[in-house]
Amino acid sequence: MRSYDHKKIEQKWQKDWTKKKLYKTADSVKGKENFQLLVEFPYPSGNLHVGHWYAFAEPDILARHLRMTGKNVMYPIGFDAFGLPAENAAIKNGLNPKKWTFGNIAYMKKQIASMGTSFDWSREVITADPAYYQWTQWLFLQFFKKGLAYKKETAVNWCPKDKTVLANEQVVNGKCERCGTEVEQRNMLQWNLKITDYADRLVDDLAPLDWPEQIKESQRNWIGRSEGAEIDFFLDFGDEKVNARTDASGKRAHIKIFTTRADTLFGATYLVLSPEHLWVKLALGHRTVLKNNEEVQKYVRVAGKKTELERQENKEKTGVKLEGVEAINPATGEKIPLFVADYVLAHYGTGAIMAVPAHDERDYEFATKFKLPIRDVVVEQTTPRVPDGVFRKIGIAIVENDKNEVLLQSITHEDRVEYGLPGGGIDEGETEEEGVIREVIEETGYTNFTNIRRIGTVESNFYNTVRKINRQALATCYALRLKNETKKELQLTELEKKVKIENFWVSKQKALELISGSQSNSGEDQPLFMRYLGDKTDPYTGAGILIHSAEFDGLNSEKARQKITEKFGTKKTTYKMRDWVVSRQRFWGVPIPIIHCPKCGDVAVPDKDLPVKLPDLKDYLPTGDGKSPLAKVKSFVKVKCPQCKGKAEREIDTFDTFVDSSWYFQRYSDPKNTKKFADAKKLQNWLPVDLYSGGAEHTTVHLLYSRFWHKAMFDLGLVKDAEPYTRRMNRSLIMGPDGQKMSKSRGNVIDPDEVVRNLGADTVRMYLAFIGPYNEVASYPWNPNGVVGVRRFLERVWRLHERLSAVQHPLVERAIHVCAKKLTEDLPQMKFNTAIAAMMLFLNEAEAKGITKGQYLVLLRLLAPFAPHITDELWHILGNKKSVHLEAWPKYDPKKVVSEEATIVVQINGKVRAQVQVASNSSEALVRAEAEKTVEKWLEGKSVRKVIFVPNRLINFVV
RNA sequence: GCCGGAGUGGCGGAAUGGUUUACGCGAACGACUCAAAAUCGUUUGGGAGCAAUCCCGUGUGGGUUCAAGUCCCACCUCCGGCACCA
């Protein structure tokens with residue numbers, strides 16, 4: 001018997017496929033639909049790990065399957081070859097980054113070949129190849145000419161010790177990765193792309209895409225669109241003449257703020273400007289505007305020096321009041337103070353906010369610290385208003401003791417018992433807090449309290465059964481702790497005496513149950529008690545109904561936002577996302593094709609001079625002034641201006657590598673073109689990408705940038721679709737056997753090359769497919785025994801080829817059709833794990849009952865996408881001349897899939913009591929007759945009230 | 001804190017509202033063998049019982065339904081992303 005020698009077989013077929021160019025993809029094939037299956041191209045780090053296998057070998061299953069179903073599938077690959085590690089290798093070990101990178105690529109290509117993937121290497125794209133980056137430069141220049149690229153002072157990470165700019169990846173916890181020095185922010189002129197111009201389209205165009213909701217949601221989050229309003233607050237300098245001064249547009253001095261909560265305008269009790277705000281700068285320059293000019297100046301300076309680390313570590317609010325100026329709340333007409341504080345960010349909105357401490361956590365914290373007024377203007381409404389509700393302010397109390405219990409009241413009247421919290425109306429002239437305490441003393445007798453906290457206010461509308469009126473109550477709740485048991489006599493009103501009031505202590509859990517279950521005549525107890533339990537005390541940041549807001553009282557937040565914006569401001573949309581900084585002060589990247597001319601300014605390198613090639617360097621060390629080593633290459637830097645032919649200098653920054661990877665999938669359609677980035681017709685053949693499989697870590701940045709890039713190209717008429725990827729899926733993570741992330745320090749790294757040597761590529765491919773669903777994001781531990789299990793399966797398949805039977809077993813025949821059906825359904829959804837389970841199930845059946853050659857050949861074709869080597873070998877052993885991978889996908893016969901018998905579950909009241917075998921599609925009457933025999937003892941003496949019958953599944957007797 | 005996603009045997013996981021735990025791994029026992037490995041076979045959620053059989057079981061607590069892992073409400077835990085974004 002021939003044994004399964006994976007080494008020999010895998011090498012043999014990999015050679016054969018390459019020789020026969022089996023996976024070379026034609027631009028188009030008559031009668032076949034094109035399908036581009038894209039995987040994120042790897043960075044040439046120099047070694048292939050299990051993650052690469054998972055990323056490349058599993059989608060390969062789908063690629064092979066789709067080819068068998070008659071699609072012209074392009075499954076391309078390339079290398080994202082620019083970037084930091086090559087530069088680090090250069091600096092650390094004096095290696096030539098180019099040699100290092102291309103050496104790694106050669107090695108990794110061999111490793112990738114060992115997977116048996118069907119990549120079309122003739123379409124390989126390498127971003128560090130001038131033939132590719134010529135077009136990266138050209139595309140950037142199209143954007144530049146259209147005004148999408150601009151230069152701007154932007155902060156970069158600067159290491160004061162190494163005297164170099166750091167990439168974000170080189171900053172760990174705010175410190176330099178290499179020397180541990182705290183990183184500073186420095187401003188440098190940098191190239192930006194106007195991605196913010198596309199923010200709305202990037203959000204809106206997500207909706208129709210066939211992407212997991214999760215990915216769409218994180219993109220929306222990242223873009224962070226919020227609809228709000230801009231409102232002007234006029235300034236008052238305490239001098240009518242000064243106040244009346246206007247600017248060029250005829251407007252009085254004012255601060256423009258952005259808010260998403262215009263409904264809380266009446267509660268704005270102060271303004272906050274960011275330290276970098278222009279008005280602050282101007283006022284400081286004037287020196288006489290602010291009475292505490294020096295103090296403010298100092299604060300602004302300190303805030304500017306704060307590093308990211310300090311801002312993250314110290315979140316306690318700081319700020320300084322601007323003396324000598326006040327703002328006027330346009331809604332209330334009230335004069336309110338201004339502050340400068342670094343909790344307001346300069347780059348978001350207008351860099352200034354109206355502070356509403358009653359309804360914003362940060363403002364609340366600040367106002368509490370600086371003792372600023374807090375005014376409620378929105379309350380939660382627990383029940384809708386009724387027409388003739390009589391308004392009443394009430395206070396309720398949550399009284400706690402040391403045993404973690406709270407005081408509850410039972411009220412008995414008209415044969416009903418209700419449970420609730422103590423409390424009552426707040427009288428004229430007393431504060432809410434005083435009113436609550438007075439009520440508690442009267443109703444419970446306890447007199448001494450400590451730790452008095454405000455929980456919040458709600459509006460509750462209800463019918464007061466005692467007074468027989470509709471009530472519109474504004475209920476404020478306080479929590480108080482019992483200081484001691486000192487008690488006074490109860491002082492109940494006549495009404496309160498009529499209903500029997502009893503006080504008792506219960507656990508918080510029990511209290512919630514009683515309050516929630518009670519036929520309480522008002523709705524305020526439960527929501528307030530929930531806030532108390534969840535520690536969700538003030539401020540109340542949710543939506544609600546307006547109070548203390550003049551004519552807007554009674555409106556809900558949504559409506560009020562509209563109305564107040566209309567009257568006092570203008571609608572405005574802002575985004576969290578900022579423009580894309582594409583400059584990097586690095587050597588190993590695509591040179592930015594711009595020439596700085598003292599006369600003409602920034603000039604695009606003419607097309608005929610592209611690519612601007614990266615020069616070969618002898619010395620890769622940074623210059624120490626923040627510039628890339630390119631600055632030292634005079635022959636590179638000194639050029640003539642393409643416009644005026646005068647002396648000029650080349651831009652020495654290079655592109656962010658996300659630029660390189662923003663369009664690589666387009667180049668796959670026409671990778672060798674020297675005249676264009678790609679031929680329009682060839683692009684049309686393959687775009688948009690039908691399925692893009694990648695890692696969850698690229699959900700936001702790469703995916704968003706490349707979508708933007710594509711849209712910008714679309715607007716220039718360079719591509720025909722506004723979106724690049726029809727379908728996107730994120731892959732899971734493979735962990736070490738211990739369930740932890742694989743890492744050298746943990747010693748749990750699985751070397752795929754070694755497993756391939758021992759068990760074969762087919763086994764590794766299939767094991768990774770079997771480990772869990774590929775279409776969902778999760779993390780799966782590598783189980784060494786599990787790999788062996790898959791190897792066992794392949795061995796069993798192998799052995800079967802010498803035991804083929806001449807007689808066909810009907811159940812095996814059905815099983816092969818069932819198996820084909822399951823795979824046909826599961827593969828397009830990338831549910832590889834259940835597909836493999838189906839083949840295992842079939843194998844169990846076939847081994848037990850015998851398999852014919854015809855059935856075996858079907859199995860080989862079903863298995864071929866998963867285990868391409870062993871199946872091609874067996875396919876040839878059985879006498880076929882052409883590769884199994886050129887075969888068509890097996891069709892199943894739906895008629896043969898159905899079983900002749902059905903197992904019917906017999907239930908009594910929904911509980912399984914027996915099962916019966918009947919012919920398929922048996923009638924209810926027949927099944928019922930059969931079923932009743934099996935469950936006689938359950939039906940004895942009882943009458944069947946109802947029978948539920950589900951054909952071929954179950955019958956349920958309800959007695 | 002906010003936004004996503006997920007909680008099912010000893011483990012990875014499966015399950016159109018219809019027998020929970022397919023398939024695989026592990027474990028136990030048996031066959032083959034001088035023996036072991038490999039291979040093959042049987043068993044394998046928990047509890048009670050000699051047994052037939054019964055009870056309980058998909059993170060927790062409620063609900064809808066003849067029937068809930070699946071639908072609804074509240075909560076807990078874990079993972080991922082964002083994080084002073086007004």
Side-chain angles (χ1 to χ4, degrees), chain A residues 212-222 224-226 228 257-261 264 268 272 274 311-312 315-317 341-345 347-356 359-363 365-366 509 512-513 516 530 533-534 541 574-578 696-697 699-700 730 733 735 737 739 767 770-773 776-790 792-793 795-796 799 831 833-844 847 903-915 937 945-950 952-959:
Chain A
E213 196 49 42
Q214 184 194 354
I215 304 182
K216 293 187 189 179
E217 195 54 33
S218 14
Q219 292 222 346
R220 286 188 202 110
N221 251 313
W222 182 270
R225 175 162 71 183
S226 50
I257 63 96
F258 173 76
T259 181
T260 54
R261 290 297 304 272
T264 62
V272 188
S274 67
R311 287 204 183 193
Q312 273 166 28
K315 282 201 173 173
E316 183 163 344
K317 302 273 175 292
D342 66 3
Y343 82 90
V344 173
L345 306 174
H347 58 75
Y348 186 76
T350 62
I353 61 152
M354 65 175 196
V356 186
H359 305 294
D360 182 279
E361 307 260 359
R362 297 148 300 180
D363 298 342
E365 194 191 322
F366 191 85
Q509 192 54 46
L512 180 63
E513 266 172 49
S516 307
M530 292 286 286
L533 285 179
T541 56
T574 59
Y575 309 89
K576 274 199 245 182
M577 182 176 66
R578 290 193 255 168
E697 70 274 20
T699 302
T700 42
N730 283 357
L733 240 47
M735 314 304 257
Y767 172 62
F770 189 52
I771 201 168
E776 282 171 27
V777 177
S779 56
Y780 307 117
W782 177 283
N783 178 356
N785 288 319
V787 192
V788 174
V790 171
R792 277 206 278 263
F793 168 76
E795 300 227 11
R796 284 164 63 196
R799 265 180 264 140
K831 289 185 178 177
N833 57 332
T834 49
I836 292 172
M839 286 189 284
M840 288 172 165
L841 212 54
F842 169 74
L843 186 70
N844 290 342
E847 278 183 334
T903 306
I904 307 278
V905 170
V906 186
Q907 295 184 337
I908 308 290
N909 291 337
K911 282 194 176 179
V912 180
R913 294 301 180 191
Q915 32 181 271
K937 72 168 175 179
R945 283 194 289 127
K946 197 174 169 186
V947 178
I948 313 281
F949 176 67
V950 183
N952 294 330
R953 276 202 185 270
L954 69 73
I955 185 157
N956 184 12
F957 297 98
V958 186
V959 294

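Chain letters run A, B, ... following the sequence lines, proteins first, then strands; residues in each count from 1.
Distances shorter than 4.0 Å separate some side-chain N or O of A:N844 from OP1 or OP2 on B:G24. For the OP1/OP2 pair of B:G12 and a distance below 4.0 Å, the side-chain nitrogens and oxygens of A:Y780 include no atom meeting the criterion. Between A:N833 and B:G24, a side-chain N or O to OP1/OP2 separation shorter than 4.0 Å is absent. Close to B:G13, at under 4.0 Å from its OP1 or OP2, lies no side-chain N or O of A:T834. Residue A:K216 places none of its side-chain N or O atoms closer than 4.0 Å to OP1 or OP2 of B:G5.
For B:C84, the base has a donor-acceptor partner in the side chain of A:K317 [N/O atoms by modelled type, under 3.5 angstrom]. Residue-to-nucleotide contacts include a donor-acceptor pair under 3.5 Å from the side chain of A:Q907 to the base of B:G18. A:R796 contributes no side-chain N or O that forms a donor-acceptor pair with the base of B:U39 under 3.5 Å. Side-chain atoms of A:N785 and base atoms of B:C25 include no donor and acceptor less than 3.5 Å apart.
B:U39 atom C1' lies 10 Å from atom CD of A:E795, rounded to whole Å. Rounded to whole Å, atom C1' of B:C23 lies 13 Å from atom CZ of A:R792.
Within the nucleic acid shown, A:S218 has no heavy atom closer than 4.0 Å to any nucleic acid atom. Within the 4.0 angstrom heavy-atom criterion, base atoms lie near A:V905. Among the protein residues, A:L841 comes within range of the sugar-phosphate backbone only, with heavy atoms under 4.0 Å from sugar or phosphate atoms but none that close to a base.
The salt bridge (Lys or Arg N to Asp or Glu O under 4.0 Å) search around A:R220 returns A:E213, A:E217, not counting sequence neighbours.
Each of A:T574 and A:K911 was assigned the nucleotide of RNA chain B with the nearest heavy atom; the assignment lying further toward the 5' end belongs to A:K911. Sequence order on RNA chain B of the closest nucleotides to A:E217 and A:T903 puts A:E217 first from the 5' end.
A:Y767 contributes no side-chain N or O that, together with a main-chain N or O of A:G789, makes up a donor-acceptor pair within less than 3.5 Å.
Candidate nucleotides B:C82, B:C54, B:C23 were compared by shortest atom distance to the side chain of A:R913, and B:C54 ranks first.
Taking syn as a glycosidic angle within 90° of 0, B:G9 qualifies as syn.
When side chains are defined from C-beta on, A:K831 counts as touching A:N833, because their heavy atoms get closer than 4.5 Å.
Relative ring orientation between A:F366 and A:Y343 is described as tilted, the plane-to-plane angle lying within the 30° to 60° band.
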